[in-house]
Amino acid sequence: MTSSDTPENGPDSGKILETLRLVQDESGTSNVLSFASLEGISVRDGHAQISLVTSRDDAHRIEPLRPRAEAALARLPGITRATIVLTAHRAPGQPPAGGGHRPFRLDSPANNPGTPETRPTGKLLPQVRAIIAVASGKGGVGKSTTAVNLAAGLAKLGLRTGLLDADIYGPSLPRMLGHSAKPFVENGKIIPIEAWGMHAMSIGFLVDERQAMIWRGPMVMGAISQFLGDVAWPELDVLIIDMPPGTGDAQLTISQKLSLRGAVIVSTPQDIALLDARRGVAMFEKMNVPILGLIENMSYFCCPNCNHRTELFGHGGARAQAEESGVPFLGEVPLLADIRASGDAGAPIVLSSPDSEGAHAYTAVARAIAQSLRLDR
């Protein structure tokens with residue numbers, strides 16, 4: 001077993017191999033390298049990225065050992081954190097994709113989009129019928145919860161659905177989908193995670209959820225570009241993109257690289273949130289992206305004990321804003337403890353509790369969007 005990439009600092013490949021051999025299964029008869037061979041090592045700022053070549057079948061055997069292997073590698077001198085990336089064997093006679101096997105590396109210089117002239121200018125993801133951005137002008141309005149349940153609602157309607165978490169600084173998709181396994185890499189392409197009948201990708205699948213993403217703008221745009229171009233998205237009826245809050249570089253990158261069918265703006269009823277929602281509408285209009293409509297999240301609270309309805313953040317503001325902006329109003333989603341609990345539990349309420357009030361609200365929005373884009377199957 002040899003390494004095609006030696007680290008610039010930290011332990012040599014021999015020490016890496018020795019450590020991997022010590023991580024054994026419960027029977028004590030097999031270790032990580034019983035099912036894989038070392039392909040490459042990259043160490044930067046104490047973060048070791050270890051690329052292992054394996055097969056799809058053996059990847060499932062390695063997965064239970066991966067957390068312990070990464071923890072063991074992180075204890076080696078010169079390493080503070082380790083990530084193991086699995087790449088697939090290439091079938092005999094099959095040409096390598098993109099020049100050969102390539103692990104997904106967040107710190108690779110090739111991921112920096114600082115030289116846009118080197119990147120393809122054509123629109124990406126032609127195999128997706130409709131790409132929809134779910135956005136908000138500010139954080140804290142329930143945009144990610146809405147995006148996940150909207151995607152789940154579309155999948156429930158029978159649509160082939162994908163979900164991309166473009167919020168690099170605050171990825172929440174792994175927790176909200178109840179899935180923490182790392183993606184598999186095959187022929188230089190990241191294979192999306194499958195959860196709840198959807199294909200999903202998030203930077204949260206690649207880094208520890210406790211890790212702070214202290215990145216400058218070009219790195220964020222580079223990661224987003226990889227999620228668009230280096231992920232093996234299958235043929236989909238719809239791809240929902242959970243956009244980061246605000247109106248910055250990430251939104252511009254996505255709008256330039258994709259043919260968006262439309263954007264959904266999420267807001268709470270209060271005036272301060274609606275001010276930012278207006279900015280979101282204006283941003284997409286400037287980029288010639290149709291506004292599919294506004295959703296009023298946390299529209300009202302209904303006491304579970306007495307059923308008394310309280311409009312904590314006001315009510316009807318998003319509907320009024322939609323009328324003022326001349327865009328559709330897609331509906332109201334109540335503030336419910338069950339919606340919060342389902343997100344924390346990794347079970348979208350649309351699928352885990354389909355008869356609940358929250359599920360009905362999200363399903364109605366999903367159906368309205370599917371009908372407006374003629375995606376009904």
Side-chain angles (χ1 to χ4, degrees), residues 36 42 47-52 54 56 59-71 73-74 81-88 101-108 111 125 128 134 143-145 147-149 151-152 155 161-215 219-234 236 239-244 250 254 343-348:
S42 173
H47 181 196
Q49 294 196 10
I50 313 300
S51 173
L52 300 178
T54 186
R56 275 185 178 269
H60 295 295
R61 302 178 183 179
I62 295 173
E63 200 61 50
L65 303 177
R66 177 149 51 176
R68 287 196 290 122
E70 291 175 336
L73 292 169
R81 184 166 56 89
T83 301
I84 294 176
V85 178
L86 303 180
T87 65
H101 302 302
R102 177 172 61 85
F104 179 73
R105 293 176 179 167
L106 295 174
D107 58 1
S108 170
N111 298 341
L125 305 184
V128 181
V134 178
K143 171 184 55 60
S144 294
T145 301
V148 169
N149 280 286
T161 304
L163 182 56
L164 171 60
D165 186 354
D167 192 349
I168 302 299
Y169 291 117
S172 55
L173 210 60
R175 174 62 63 91
M176 300 185 78
L177 292 178
H179 210 307
S180 59
K182 291 178 180 173
F184 189 78
V185 179
E186 188 174 77
N187 293 330
K189 289 284 188 177
I190 310 168
I191 308 302
I193 295 294
E194 293 188 32
W196 298 97
M198 300 178 286
H199 299 270
M201 180 52 58
S202 168
I203 201 170
F205 292 132
L206 302 167
V207 300
D208 190 286
E209 68 174 4
R210 295 166 295 184
Q211 178 183 347
M213 302 303 294
I214 309 174
W215 284 8
M219 295 178 68
V220 172
M221 289 185 289
I224 291 175
S225 296
Q226 282 196 288
F227 286 156
L228 300 178
D230 293 346
V231 172
W233 293 105
L236 298 172
L239 174 66
I240 297 296
I241 302 182
D242 179 16
M243 302 284 280
I254 290 171
D344 289 346

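Worth saying up front: this structure is predicted, and the values here are computed from it rather than measured. All values below come from the heavy atoms of this structure, side chains included, with hydrogens, waters and symmetry mates left out. Start at 1 with the first residue, then count along the sequence.
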One should read off an interatomic distance between S172 OG and K143 NZ, to the nearest 0.5 angstrom, of 7.0 Å
Shortest non-hydrogen pair, A151 vs T161, comes out as O-CG2, 3.6 Å
Of all heavy-atom pairs linking L177 and P348, the shortest is CD2-CG, 4.3 Å
Looking only at heavy atoms, the pair that brings L206 and P183 closest together is CD2-CD, 3.6 Å
dist I224:CD1 -> I203:CD1 (nearest 0.5 Å) comes out at 9.0 Å
Check your understanding: So do K189 and N187 actually touch side chain to side chain, heavy atoms under 4.5 Å?
Key -> no
Paired with L125, the side chain to side chain contact (heavy atoms under 4.5 Å, CB included) test is passed by just one of V231, L236, L239, namely L239
For M198 and A152, the nearest pair of non-hydrogen atoms, with its separation, is SD-N, 3.6 Å
(Q) Do T83 and K182 have side chains that approach each other closer than 4.5 Å (heavy atoms only, starting at C-beta)? (A) yes
Next item on the list: Mark yes or no for whether W196, through its side chain, and G346, through its backbone, hold a donor-acceptor pair below 3.5 Å.
Entry: yes
- Spell out, as yes or no, whether a donor-acceptor pair under 3.5 Å connects the side chain of D165 to the backbone of L173. yes
Scanning both residues in full, the closest heavy-atom pair of P192 with M201 reads CA-CE, 3.8 Å
Quiz item: Is there a side-chain contact between I168 and P244, using heavy atoms and a 4.5 Å cut-off?
Solution: no
query = Are any non-hydrogen side-chain atoms of I254 and F227 less than 4.5 angstrom apart?
reply = no
Notebook entry, point to check: So do L164 and L228 actually touch side chain to side chain, heavy atoms under 4.5 Å?
Noted result: yes
When every non-hydrogen atom of P171 is compared with those of G204, the smallest separation belongs to CB-N, 3.7 Å
* Asked: Are the side chains of D242 and V148 in touch, meaning some heavy atoms are under 4.5 Å apart?
  -> no
Rounding to 0.5 Å, atoms CD1 (I241) and CG (D167) come to a distance of 12.5 Å
Are the side chains of I62 and I84 in contact, using a 4.5 Å heavy-atom criterion?
no
